Amino acid sequence: MTPEESRGGLPRMNTIQERPASNRPIVESPEAARQGSMQEVDWRDFRDHIATADKDGRRRWLYPKAPLGIWHRRRAWFASLLILVMFAGPWIRIQGNPLLLFNLVERRFSILGQIFWPQDSVVFAVAMLVFISGIVVFTVAFGRLWCGWACPQTVMMEMVFRKVEYLIDGDSTAQRALAAAPWTLSKIARRFLKHAVYFGLSLVVGNTLLAYIIGSEALLAIQFDDPRRHWVGLTFMTLFSLLFYAIFARFREQACTFICPYGRFQSALLDENSMVVAYDRRRGERRAPLHRDQGPESRKSSGLGDCVDCRQCVAVCPTGIDIRDGTQMECVNCTACIDACDGIMHKVGNTTGLIRFASQNHLERGEPQRFTRRMAMYSIVLTALIGVFLWLVLSRSPVETTFLRVSGSLYQSLPDGRIRNLFSVKMINKSHEPLPVEVRLENLPGSVRLMGATNPVVPVGQYLQTSALIDLEPAQLTGSTTELKLGVYSNGRLLERVATQFSGPRNSSTKTTP
Ligand code: SF4
Ligand code: SF4
């Protein structure tokens, strides 16, 4: 009895299966393996190699069949919504600010219309933690649903570029035939058309990414101004477009398998209670083709399972795997195999769900989906992080002020005996309205004067950089440095309190001009 049989005839879903003794690794080159220069690969074991490479390491190009079915329709609707949000994101304004902006050049960021600055690094760090913990919780509960349903790479690949391919080249069989056909005028024309559309779409994607980085106004300037004034922007626009063209036209599913780290650490997150796209091995095995006049009952009585070995689930898989081998790193939970198998089950008059969303415990032991302690712990962490994030955002002051003594300067004794310090001031307006500002001393009597305009105003989403003079009576000083507390007011309303240090003579009666 194999280890799998001793567990009820089911292979483990998430881990590398132990190989039976009869299934020993095949050494590609015994000499090379002896020298340790080549990894031993068993080409009969799907876990030893990826589905998109052959024995020589060459790319196996995939021609997945167009998926059809209820899950695909749901996915198409969801993807349409995501694509709409993705492309409209840089153009939507909330109180004058972009819905989403990641302006790395000017170090200005906008999330849901809230302007963030590099000084908000704590908010960013917590937002990143919320994002990562959210994905972790989601993966523990629902596997790689993010990858197949919400990741921009999969959404664009499967719902836009793949659809264009089906439209121009036809379905899987037609695509294979076209690939094998000689280079006739018609093939050249179709290839040219497809790649021209691909490049056009990549241009749109590249421009959208640029708009997220530099803002929609800057993008429009690059597009419509004199190109000589925007050669840096035009260079990036071209690079982004070429990059997306390479990804969607050539690299495709390899991005998920080779580059994206998320697929790699999913195996550490999934457990027996995670819901994943899975084949019901107990119901499906022993698989065998369907014979004429064979019904589900007669198959059962002859010791056969419900899988008719039609391989439709493999034919539609955009990552080229056979889900009947168990959960694999390449699977993005796109649900195409569920639709394909359900279609076959309908045709053969059997109940659907041979491939479905289910946990290993459900498939092996018939247990219902449970909210496990692990999920609860991750959820508590996520909830706490969301709480911290909301607190940071909601308690964020509309203005952020830095008030620092000008480096190299000490103090100045005025003719009337008062001591003066020169400060450099920077105020960032994070609100949605221009802020007239005024600074007052809060803990000591004295005067504060901002240089420049009489009534300084900080424009929306920008900063004011100026100098300030603070004069204090010597009697107020507590030594060579005195702690000052300053209040930043706008129209009489206290926005923020800042602390700084005032420099004075060690003995306040000494009059020195450094
Ligand atoms: S195995 Fe099924 S769910 Fe996984 S990637 Fe392939 S088609 Fe999608
Ligand atoms: S589509 Fe269903 S019946 Fe056909 S091979 Fe896959 S699991 Fe078996």
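Counting convention: from 1, in listed order, for ligands and their atoms alike. Predicted model only: the values in this text are computed from it and were never measured.
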> For atom 2 (Fe) of ligand 1, what is the nearest protein heavy atom, given as residue, atom name and distance?
Replying inline: C337 SG, 2.3 Å

> Looking at C307, which atoms of ligand 2 are within less than 4.0 Å of one of its heavy atoms?
Replying inline: 3 (S), 5 (S), 7 (S), 8 (Fe)

> What do you reckon, is CH2 of W183 surrounded by more than 12 foreign heavy atoms closer than 6.0 Å?
Replying inline: yes

>> Closer than 4.0 Å to some heavy atom of M345 - which atoms of ligand 2 meet that?
In response: 3 (S)

>> As an exercise, identify every atom of ligand 2 less than 4.0 angstrom from a heavy atom of C313.
In response: 1 (S), 5 (S), 6 (Fe), 7 (S)

> Looking at atom 4 (Fe) of ligand 1, is one of the N, O or S atoms of C331 less than 2.8 Å from it?
Replying inline: yes

> Ion pair present between R93 and E217, side-chain N to carboxylate O less than 4.0 angstrom?
Replying inline: yes

> Is a donor on one side and an acceptor on the other found under 3.5 Å between the side chain of R299 and the backbone of A288?
Replying inline: yes

>> Tell me if the CZ atom of F142 is crowded by more than 12 foreign heavy atoms within 6.0 Å.
In response: no

> With D309, which of R287, R286, R324 fulfils side chain to side chain donor-acceptor pair (under 3.5 Å)?
Replying inline: R324

> If you measure from each non-hydrogen atom of R287 to ligand 2, which part falls under 4.0 Å: side chain, backbone, both or neither?
Replying inline: neither

>> Below a 4.0 angstrom heavy-atom separation, can you tell me which part of N333, side chain or backbone, both or neither, approaches ligand 1?
In response: backbone

> Any idea which protein heavy atom is nearest atom 5 (S) of ligand 1, and the distance to it?
Replying inline: V332 N, 3.5 Å

> For ligand 1, which atoms have a heavy atom of T335 less than 4.0 angstrom away?
Replying inline: 3 (S), 8 (Fe)

> Of all the non-hydrogen atoms in the protein, which one sits nearest to atom 4 (Fe) of ligand 2, and at what distance?
Replying inline: C310 SG, 2.3 Å

> From C334 SG over to E158 CD, what is the distance, rounded to the nearest 0.5 angstrom?
Replying inline: 6.5 Å

> Counting backbone and side-chain atoms alike, does C341 have an N/O/S atom under 2.8 Å from atom 8 (Fe) of ligand 2?
Replying inline: no

> Quick one: does ligand 1 sit under 4.0 Å from the side chain of I321, the backbone, both or neither, non-hydrogen atoms only?
Replying inline: side chain

>> Students should be able to answer this: which protein heavy-atom is nearest to atom 3 (S) of ligand 2, and at what distance?
In response: V308 N, 3.4 Å

> Which of the atoms in ligand 1, numbered in the order shown and given with their element, are less than 4.0 Å from a heavy-atom of T319?
Replying inline: 5 (S)

> Applying a strict 4.0 Å limit to heavy atoms, is V316 in contact with ligand 1?
Replying inline: no

>> Tell me the closest heavy-atom pair linking A150 and V155, and the distance in Å.
In response: C-CG2, 4.0 Å

>> For a quick check under 3.5 Å, do E367 and S359 share a side-chain donor-acceptor pair by atom type?
In response: no

>> Between the side chains of E165 and R190, is the shortest nitrogen-to-carboxylate-oxygen separation below 4.0 Å, so that they form an ion pair?
In response: no

> Numbering the atoms of ligand 2 from 1, which are under 4.0 Å from a heavy atom of I355?
Replying inline: 7 (S)

> Are any of the side-chain nitrogens in K194 or D169 under 4.0 Å away from the carboxylate oxygens of its partner?
Replying inline: yes

> Which ligand 1 atoms does I323 reach within 4.0 Å, using its non-hydrogen atoms?
Replying inline: 1 (S)

> At a 4.0 Å threshold, what atoms of ligand 2 neighbour a non-hydrogen atom of R311?
Replying inline: 4 (Fe), 5 (S)

>> With heavy-atom distances below 4.0 Å as the criterion, list the atoms of ligand 2 near R324.
In response: 5 (S), 7 (S)

> Does a salt bridge link K300 with D306, judged by any charged N lying under 4.0 Å from a carboxylate O?
Replying inline: no

>> For K163, I'd like to know if atom NZ has over 12 heavy atoms of other residues, nucleotides or ligands within 6.0 Å.
In response: yes

>> Taking the basic N atoms (NZ, or NE/NH1/NH2) and the acidic carboxylate oxygens, is any pair closer than 4.0 Å for D56 and R58?
In response: yes

>> Looking only at protein heavy atoms, which one is nearest to atom 8 (Fe) of ligand 1, and what is the separation?
In response: C334 SG, 2.3 Å

> Who's the nearest protein heavy-atom neighbour of atom 6 (Fe) of ligand 1, and how far?
Replying inline: C317 SG, 2.3 Å

